Amino acid sequence: MRDWPLWEVFVRSRRGLSHVHVGSLHAPDAEMALRNARDLYTRRQEGVSLWVVPAAEIVASSPDEADAFFDPAADKIYRHPTFYDVPEGVEHL
Amino acid sequence: MVGVYGNDFTAPDETAPRPATGDEPETFRALLEGEGRVEPRDDLPDAYRRTLVRQIAQHAHSEIIGMQPEGNWISRAPSLRRKAILMAKVQDEAGHGLYLYAAAETLGVDRADLLDQLHSGRQKYSSIFNYPTLTWADVGAIGWLVDGAAIVNQVPLCRCSYGPYARAMIRVCKEESFHQRQGFEILHTLSHGTPAQKAMAQDAVDRYWWPSLMMFGPPDDDSPNSAQSMAWGIKRFSNDDLRQRFVDMTVPQAEALGLTLPDPEIRWNDERGHYDFGEVDFTELFEVIKGNGPCNAERMAHRVRAHEDGAWVREAANAYADKQAARAGADVA
């Protein structure tokens with residue numbers, strides 16, 4: 001028999017916070033995926049909103065190329081406020 | 001072989017796939033040395049992957065088989081309160097199984113294949129679930145002792161080197177503490193009830209104590225896979241250390257319950273700073289692992305029947321999904 005596809009589940013734990021990945025599950029369609037996600041990942045009121053995304057639809061960066069991929073940010077420390085010298089006594093900057 | 005709630009060991013005359021300690025990718029070794037977490041798409045040594053698949057799958061199987069001994073008492077729970085609690089607990093075990101199957105699948109295996117391997121006996125589950133639940137007090141003993149032992153085994157797994165397994169264990173451990181407390185409460189109530197109720201609680205503890213100690217696996221000298229699992233950051237403490245931790249935790253709790261543990265050798269050892277306890281009979285453990293426990297055949301038969309009886313539900317859900325998809329396609333066209 002055909003296996004149910006895999007869905008990734010994201011939960012917003014309360015209003016004002018973003019959805020966070022919590023795990024995955026199998027379900028035949030999106031509606032069942034949502035219901036299963038409710039039963040599996042929010043049995044103790046862990047969330048106020050759920051997203052389910054077909055796992056096959058997620059495009060991910062490759063860990064093998066992570067160094068090269070993220071490297072361009074490494075030498076741009078001037079993007080951080082701590083890079084700058086602030087004269088003594090200057091406040092609210 | 002049997003993964004005991006997150007442990008991994010074999011009966012002496014069974015063959016475990018020996019992890020081939022070959023070349024490990026540099027990135028993998030660097031991650032382990034830095035106490036970093038390994039994630040699914042990293043370059044993993046095959047032996048690490050195989051060991052994790054086996055352990056996580058058997059852990060998952062243990063969770064879903066573990067629904068049976070307690071499910072046995074749902075319809076006969078002594079009150080609506082106890083019944084609601086027990087249903088929630090059994091539902092949690094199903095959930096724990098699903099978290100763990102999902103973690104195993106991140107290693108490139110298929111849940112359906114893992115279930116096939118359980119059903120055909122190629123993968124096993126914790127031997128503790130091959131003991132029967134003869135009385136209501138057994139439900140208490142399972143919560144207090146079996147889940148208590150499981151927690152001791154599982155808490156270190158929250159720091160396991162494999163990220164998805166560690167994350168699943170964090171969820172599981174949060175939920176297990178309710179399981180242990182409800183078991184303790186059942187026994188406490190019985191122990192402070194009529195003499196017959198207290199005797200029932202004592203009998204359950206007498207039968208579940210030694211099998212609970214066996215859950216930690218064979219003694220360290222006799223646990224060939226432990227060293228490799230520790231080197232890989234899968235296992236953090238030895239079987240004997242975890243067993244000692246469980247005994248130290250449990251002895252004072254038994255006193256609070258007003259029940260005795262069936263081991264005359266239990267006594268506080270000031271010098272060691274631990275409780276001494278008697279020798280565990282591991283021949284019994286290995287017999288149960290090999291299939292000769294009181295309920296092995298019954299558990300498997302029930303599991304396979306439930307799976308087969310549910311086939312029409314899975315088929316119907318597929319048919320419905322196909323129909324909805326076809327309709328959506330027609331609407332677009």
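Because the structure is a prediction, the values reported are computed rather than measured. FYI, side chains are in, hydrogens and waters are out, and symmetry mates aren't considered; it's all heavy atoms of this structure. Letters A, B, ... mirror the listed sequences (proteins, then strands); counts begin at 1.
Neither the backbone nor the side chain of A30(A) has a heavy atom closer than 4.5 Å to any heavy atom of chain B. Interface remark: D92(B) contributes backbone and side-chain atoms alike to the contact with chain A (heavy atom separation under 4.5 Å). Of the two parts of L40(A), the backbone and the side chain both hold a non-hydrogen atom closer than 4.5 Å to a non-hydrogen atom of chain B.
Shown here are the ring-ring contact (aromatic ring centres under 6.0 Å, His included) partners of W73(B), two or more places apart in sequence or in another chain: there are none. Scored by the side-chain hydrogen bond (donor to acceptor under 3.5 Å, both in side chains) test, T42(A) finds no partners at all (sequence neighbours excluded). Residues forming a side chain to side chain contact (heavy atoms under 4.5 Å, CB included) with I58(A) (at least two apart in sequence, or on another chain): E8(A), V53(A).
The stretch residues 97-105 of chain B places L98(B), Y99(B), A102(B), E105(B) near chain A, each with some heavy atom under 4.5 Å from a heavy atom of that chain.
Heavy-atom pairs under 4.5 Å with chain B were tallied for E46(A), R44(A), M32(A); the largest tally goes to R44(A). Among the candidates N36(A), D39(A), D29(A), the residue making the largest number of heavy-atom pairs closer than 4.5 Å to chain B is D29(A). Note: A321(B) leads A88(B), A321(B), P164(B), A168(B) in heavy-atom pairs under 4.5 Å with chain A. Between chain A and the residues K174(B), Q91(B), R171(B), E39(B), the most heavy-atom pairs under 4.5 angstrom are made by R171(B).
Between A60(A) and R41(B), the shortest heavy-atom contact is CB-NH1, 3.5 Å.
Counting heavy-atom neighbours within 6.0 Å of R236(B) CZ, excluding the residue itself, gives a total above 12. For R29(B), the CZ atom is densely surrounded, since the number of other residues' heavy atoms within 6.0 Å is greater than 12.
Using a cutoff of 4.0 Å between basic side-chain nitrogens and carboxylate oxygens, D3(A) and R314(B) are not scored as salt-bridged.
Rounded to the nearest 0.5 Å, atoms OG (S24(A)) and CZ (R111(B)) are 9.5 Å apart.
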